[in-house]
Amino acid sequence: MKKTSNRQVWFNIAVIAAAYVLVTILLKGNLLNRQYTSLLVPIAVNIMLAVSLNLVTGFLGELTLGHAGFMSIGAYTGALISLNLGKTEVLPAPAAFALALLCGGLMAAVFGFLIGVPVLRLRGDYLAIVTLAFGEIIKSVINSMEITNGARGLSKIPLYSNYTNYTVVFFLMVLTVLAVTNLMKSRDGRAIMAIRDNDIAAESIGIKISHFKVKAFVIAAFFAGVAGVIYAHNVGLLKPGTFDYNKSIEILVIVVLGGMGSIRGSIIAAIILTVLPELLRGTDNLRMLLYAIVLIAMMIFNNSKIKEGLMMNRTFRKLGRKEA
Amino acid sequence: MSILKVTDMTVNYGVIQAVKGISFEVEQGEIVALIGANGAGKTTTLHTVTGMIPAKSGSIQFYGTDITKVPAHRIVSMGLAHVPEGRRVFAQLTVLENLKMGAYTRKDKDGIEKSLEEIYKRFPRLEERKSQLAGTLSGGEQQMLAMGRALMSKPKMIVMDEPSMGLSPLYVSEIFKIIQDINESGTTVLLVEQNAKKALSIANKAYVLETGNIVLSGDAKELMNDDSVKKAYLSE
Amino acid sequence: MALLEVKNLGISFGGLKAVDEFNITIEEGQLYGLIGPNGAGKTTVFNLLTGVYRPTLGTITLDGKNLVGKGPAEICKCGVARTFQNIRLFGKMTVLDNVKTALHNQVKYSEAVCFFHGPVYKKKEQEMTDMAMDVLKVFGLDGYGETLASNLPYGQQRKLEIARALATNPKLLLLDEPAAGMNPNETAELMDTIRLIREKYHITILLIEHDMKLVAGICEYLTVLNFGTELASGTPAEVLNDPKVITAYLGE
Amino acid sequence: MLTSIMEQLINGLRTGSIYALIALGYTMVYGIAKMINFAHGDIIMVGAYTLYIGIALLHLPVLPAMLLTAVVCSVLGMLIEKIAYKPLRKAPPLAVLITAIGMSYFLQSVALLIFSSTPIPFKSVIEVEGIQVGTVNISGITIVTLAVTTVIMVGLTLFINRTKAGSAMRAVSEDRGAAELMGINVNRTISMTFAIGSALAAVAGILYICQYQSLRPTLGALPGIKAFVAAVLGGIGSVPGAMLGGIMLGLIESLSKAYISTELADAIVFGVLVVVLLVRPSGLLGKKKLVKV
Amino acid sequence: AGSDTSDTTAAADTTAAAEESGEQAADAADTEGMEEFLIGSTGPLTGAAASYGTSVKQGEEIAIQEINEAGGVQVGDTTYKLVLNFQDDEAKEDKAVTAFNTLVDAGMNAYVGAVTTGACLAQTDLSYEANILQITPSASAEAVTANPNVFRMCFTDPLQGEMIAQYVVDNGYESVAVLWNNSDEYSAGIHDAFVETLEAADASLLVADESFATGDVDFNTQLTVIKNSGAKLLFVPAYYGDVAYIVQQAKDAGMECDFVGSDGWDGVLGQVTDPAMVEGAVFLSPFLATEDAAADFVSKYEAAYGATPDQFAADGYDCVYAIKAAMEQAGSIETEALIQAMTEITVDGLTGQVTFEESGEPAKTAKYVQIVNGEYTAM
Ligand SMILES: Nc1ncnc2c1ncn2[C@@H]1O[C@H](COP(=O)(O)OP(=O)(O)OP(=O)(O)O)[C@@H](O)[C@H]1O
Ligand SMILES: Nc1ncnc2c1ncn2[C@@H]1O[C@H](COP(=O)(O)OP(=O)(O)OP(=O)(O)O)[C@@H](O)[C@H]1O
Ligand SMILES: [Mg+2]
Ligand SMILES: [Mg+2]
């Protein structure tokens, strides 16, 4: 058993390194066109968002529709910092960006804590609606604030995290994925999953439900905030309307498609769903239609007998190998 | 006449084969017991018979009709009722609503009223609690409700999955009496029980299931005296 | 001093007094049985003891410490663990993880370790795995470590629930119909296991059961509950021959 | 001042009654099929366009056109259920939610391809005189909407609680397997739920378009979300709750826009929702789900 | 693209047909050995703002078809055939970035876009770095033209706000209300400048300042407040989609004040169930579909797409002609030369005669349009 977990670690390291090398070769060798180059950061952002949402929705088992709210808090906090400190050269760019990341994440985490109150009282769809409401309140407040420049938004945000800095983005993404993966394999992670599976039983073995529910929200909010900071410094422009419930739903789609509670699934789905609309560009006005059809088809396939059959073959093969 | 005839039935959960090609028959008016250890496949067998899960292969006949591929709800209206494992009462419905739900396939209003009275007579506790939400009943009360609910459909045959589970000794005897009662009034019974002794004592015929296979079968009274059965299931 | 002292306990749902003026005293190391007709309020007593419900009346003290008003998690930390009449496992987690989760308050490490693992993590997790496997072995579940809990057959699920409760290292273990759904052989096996865990882990056990063979076979003392109040108490021999108990509960 | 408050209350009633009507459909489908049908708003859109086709292109009289709308929507609802949701019966509930979102995109894109994105003006086919209360005027369409919503609410409540089909629905919503064992055809029951839910969406579409008189492919999205919020506010699954929630939502929206801030109106509305749910975690009229340990 | 002939409605069929005929014209041109000049363009083709992007795209298509049919663009010795590549950006900033990059990958020579301000702002630095001439048809925020390679065809928001405030003062209105979209930068930009100018003139003029959010369809609450404020004039800086709802509900509520609007009002007549609702309304517009100069364009557009062109279509059309003019003036298709040429050309467009300042802003006169007898009429 110990051996397999070691092998797993090495395998993960190999995959991460390979991914990094691949991206580097593609970029440095100019093998990737601009369209796909500009997708590198959004993919990383979506992976971070999906993995963090998975913590709440997949592992804690609470449906939330306000993840984009945390993202926007991170994005605006980070952007304001680098606009006020980085651009005016109060701080050198790397320091400003690091500060932006940290503050963006922390500010989002603070809001994650605030939403902890309803989380403790509400269940299922009621919680979903309250998180949706929460996201919309954030949007609405940002839209009417002076410092965020209202509906006109913030522009000319320094592009600290665009594709030229992909190493930093890649590092942050890996950090997020590893942190969440590790967390789920630890005692806190087990407590979170236990609450999902049976909260009454979890309490009966001494797990404080309130503590872990809030904790999951805070951690998820933190990473969503960091993802927001990266988003802001990639696009260079922020508008409150970008972070509405449609954005939250977009992230949720990734999580569910990838499989609730599957981090690898979230990563794969984030890549597919970020690239798919771009692949469909050639189809012109049929694009959204095809996107919808593909999405429905993927969901159905994901839960179909065909896939079960495929998976079964794999399990069989695995079993065979074990015996051999 | 054999009213339920199961031939070579296999059932899979994914790659796991839970029932491995069993055959058995239930004749009109009989009580047939199906006994076996935990995980032997008893529940799976019952679920397959009443159409809740599909058989991988083999056939199931009810009154001569092949019901292997018939959906569960149609099987119920053919006169085969099921008291499921774990009771599965409708938790947010009242006791009375649960019972009425049992008579869903019936159209005779007066008949339904009469059945309801009979059931209240058998389980006075249910009448006391008729407007309580079923989910808040105690375990044993729920078991009574599940039984009453199945009887409300006035079935020709009823399959029961561990009806005595969670019942107090008094009620265990009561339940077995009720089963005999039902049987005497013309309902055929297929009974899965952990309480093998009681089950065998009221049954005509019995099958012993082990890891998905029928390993023994025969007259219930004879099986009661079978050494291996004694050792494995009756442990005096 | 008695381990558990319950005095004058009461709760009602709507108009129904589910438990009323209930008293019970359990000495350390005792194997105590709580029996009674269906709907008598036995499970409700468990729920009151473990903080799932808050009593409207009465006191509960464990080792001299008051338990009333504490939440289930806190009461567990005080040393009370339980199983449930309708099984409540962590279905989508493995058997091993079910038990490791219950070690939550036994083996601890910091948040930083949760995120970044490292040597402490390895050591502590190994420690937890070993402890969990020990408990699983007692129930013959050590071969199922990587099986999802929800895929276990009913009888094994019951055992896993007991194993999980044991892992919290309780002083008092509450078992709600542990033998339900087991055949006589399995019940006999379970009786041995219950005796074994009492010896091995030095704990006190309070159990609800309708299987009289089990009750008479292992319980040292019994209380019979009827309509929420005590009907009789005493040794199994006394209680099970009490005519009141026979008419209300046992029959024949 | 008093008239202005009256006027604003009536404005609230006007939007609220539409929300309520849509929320009824939401709650109906949710209550039985246990899924948030995100495509519900888009079925409303389809209903609006169908009415338009019936009246402006096929030149049907008003009532047949409305009937056509109801039929088209019901059939569409059942089809969607059959094609997109039924294969996911055994999947986790969220999978169905996502498919519903996909369905919503799908309907919108089809409408976009057929009718293009340019809004189409559409003159109301419901000509009812408003009534004058003092100095305040309540428009005819508001009265019609309120009346229709009330009738539907009462009808739906009776249907679910008093009829056999209704009780089958309630059983299915609790435990599909056990319902099957009662002899209930679960597939047909769910199909019927979608048919009724979509017919309600058709009614909502008709009244919506008569009130706002402009067709566009995205017209169902926002009221869909608002109605969902209304349904939750009232206690999702509760039919009277949906009506109450819808009307409350309309009133709160109107009053906060009028007397607090138009810019923060959304924040206020959602804020009130959060507070209400914190006080009553199962919505205004929702039943608290009992879990016996 | 464009081969989806199975579509059901008349509108879609004509679209397809138009595209096909465009392609045929292009094929015919190919045989004459013209070089291709690729105009990239982005705008929303899906989502709530889709109608604006679609209009721009269709305006561009008409212009390109006209130019190619007339023999392309003569630059020095070479004749160029114009080719359009229009990408959907959903009016979202992040999509606008990839959409733009897709066009760079396709090798675009000049860029017309984006249609909406946010998307456009996300692109201006990219186009500057990629060294591509950019003309936006309709992104109206001031910051859009900050880079030297970016030009604008429409008015800026503040300019419109100021002009309308001036109009209010000049016409002697004593009480004015404004109803604007607070989640839209176009509306907010005009509103702010309007309020500022108006208050500078006379702070007592503005009696009601109400707003709404994108996607709102019910304006009764705000209209009731405005009605009760006694305003004689209501200014609605918004697009026709919202305006249609507002005027409808204003009429239902029995409001009798005058309306004045921003250029987003263009096309409002096609959106109301009864033209009487907007009778007498005045709005600022660079384009008037009923004018003689536009007649040819309007008839072509109507034939191809079954709809009356709006300001967006006209802006798109003019942008293409501006590029043509710049190519001819520059005698080269190098970006530097094109940018240089932009400040030297005069385009006699549908939106009036326009020249461009070095700042990227257009110099053209605004027209006030009034709806008289259900027709757009120049004032
Ligand atoms: N949903 C399921 N998925 C996978 N395996 C299952 C599932 N349900 C049952 N099994 C397996 O099928 C086998 C037979 O189970 P079944 O429930 O039929 O046993 P049983 O005889 O009724 O046992 P018990 O007496 O405990 O109720 C067991 O090994 C069980 O683990
Ligand atoms: N949450 C509740 N709401 C309403 N009534 C309840 C609730 N919990 C329990 N009851 C009622 O209280 C009584 C006692 O229930 P309890 O579950 O304690 O019985 P029990 O002794 O465990 O019975 P069994 O042996 O059948 O499990 C029952 O009549 C039950 O219906
Ligand atoms: Mg079983
Ligand atoms: Mg109990």
TODO: Name the region of D/L273, side chain, backbone, both or neither, that has any atom closer than 4.5 Å to a heavy atom of chain A.
DONE: side chain

- [ ] With rounding to the nearest 0.5 Å, note down the distance linking OG1 in D/T99 to CG in A/N302.
- [x] 9.5 Å

Open item on the list: Please classify the contact of A/S204 with chain D as side chain, backbone, both or neither, using a heavy-atom distance under 4.5 Å.
Closed with: neither

Task: Side-chain heavy-atom pair A/M260, D/L94 within 4.5 angstrom cut-off - done: yes

Open item on the list: Using every non-hydrogen atom in the two residues, find where D/L264 and A/S144 come nearest and quote the distance to one decimal.
Closed with: CD2-OG, 3.2 Å

Task: Structural part of D/L112 lying under 4.5 Å from a heavy atom of chain A - done: neither

TODO: Identify which part of A/L63 has an atom lying under 4.5 Å from any heavy atom of chain D, answering side chain, backbone, both or neither.
DONE: side chain

TODO: May I ask you to test the D/I98-A/L257 pair for a side-chain heavy-atom distance under 4.5 Å?
DONE: no

TODO: Might you confirm whether atom CE of D/M103 has over 12 heavy atoms from other residues, nucleotides or ligands at distances under 6.0 Å?
DONE: yes

- [ ] Identify which part of A/I200 has an atom lying under 4.5 Å from any heavy atom of chain D, answering side chain, backbone, both or neither.
- [x] side chain

Task: Interatomic distance, A/I296 atom CD1 to D/I83 atom CD1 [nearest 0.5 angstrom] - done: 9.0 Å

Open item on the list: Between D/V279 and chain A, with a heavy-atom cut-off of 4.5 Å, which part of the residue counts as in contact: side chain, backbone, both or neither?
Closed with: backbone

Open item on the list: Please classify the contact between D/I225 and chain A as side chain, backbone, both or neither, with a heavy-atom cut-off of under 4.5 Å.
Closed with: side chain

Task: Interatomic spacing from CG in D/L277 to CZ in A/R123 - rounded to 0.5 Å - done: 14.0 Å

Open item on the list: If you count every heavy atom of other residues, nucleotides or ligands that lies below 6.0 Å from A/K247 atom NZ, does the total exceed 12?
Closed with: yes

- [ ] State, with a plain yes or no, whether a side-chain heavy atom of D/L278 is found less than 4.5 Å away from one of A/V130.
- [x] no

Open item on the list: Strictly distance-based, threshold 3.5 Å: is any side-chain N or O of D/Y105 a donor or acceptor partner for the main-chain N or O of A/A292?
Closed with: no

Task: For chain A, the option from D/A267, D/A91, D/G286 that forms the most heavy-atom pairs under 4.5 Å - done: D/A267

Task: Min side-chain heavy-atom separation A/N303-D/P92 under 4.5 Å - done: yes

Task: Taking every non-hydrogen atom, the tightest pair across A/I137 and D/F270 - done: CG1-CB, 3.6 Å

- [ ] Give the minimum heavy-atom separation between A/S140 and D/E263, together with the two atoms involved.
- [x] OG-O, 3.7 Å

Open item on the list: Less than 4.5 Å apart, side chain to side chain, heavy atoms only: is that true for A/Y126 and D/S282?
Closed with: yes

Task: Point-to-point distance, once rounded to the nearest 0.5 Å, from CG of D/D266 to CG of A/D244 - done: 11.0 Å

Open item on the list: Is A/L132 in contact with chain D via its backbone, its side chain, both, or neither, using a 4.5 Å heavy-atom distance?
Closed with: side chain

Open item on the list: Using heavy-atom distances under 4.5 Å, tell me whether A/M298 contacts chain D through its side chain, its backbone, both, or neither.
Closed with: neither

Open item on the list: A side-chain contact here means heavy atoms from C-beta on lying under 4.5 Å apart; do A/I293 and D/F106 qualify?
Closed with: yes

Open item on the list: Is D/Y85 in contact with chain A via its backbone, its side chain, both, or neither, using a 4.5 Å heavy-atom distance?
Closed with: neither

Task: Where A/R121 and D/P281 come nearest, the two heavy atoms and their spacing - done: NH2-CG, 3.3 Å

- [ ] Look at A/I129, A/V253, A/L120 and state which one has the largest set of heavy-atom pairs under 4.5 Å with chain D.
- [x] A/I129

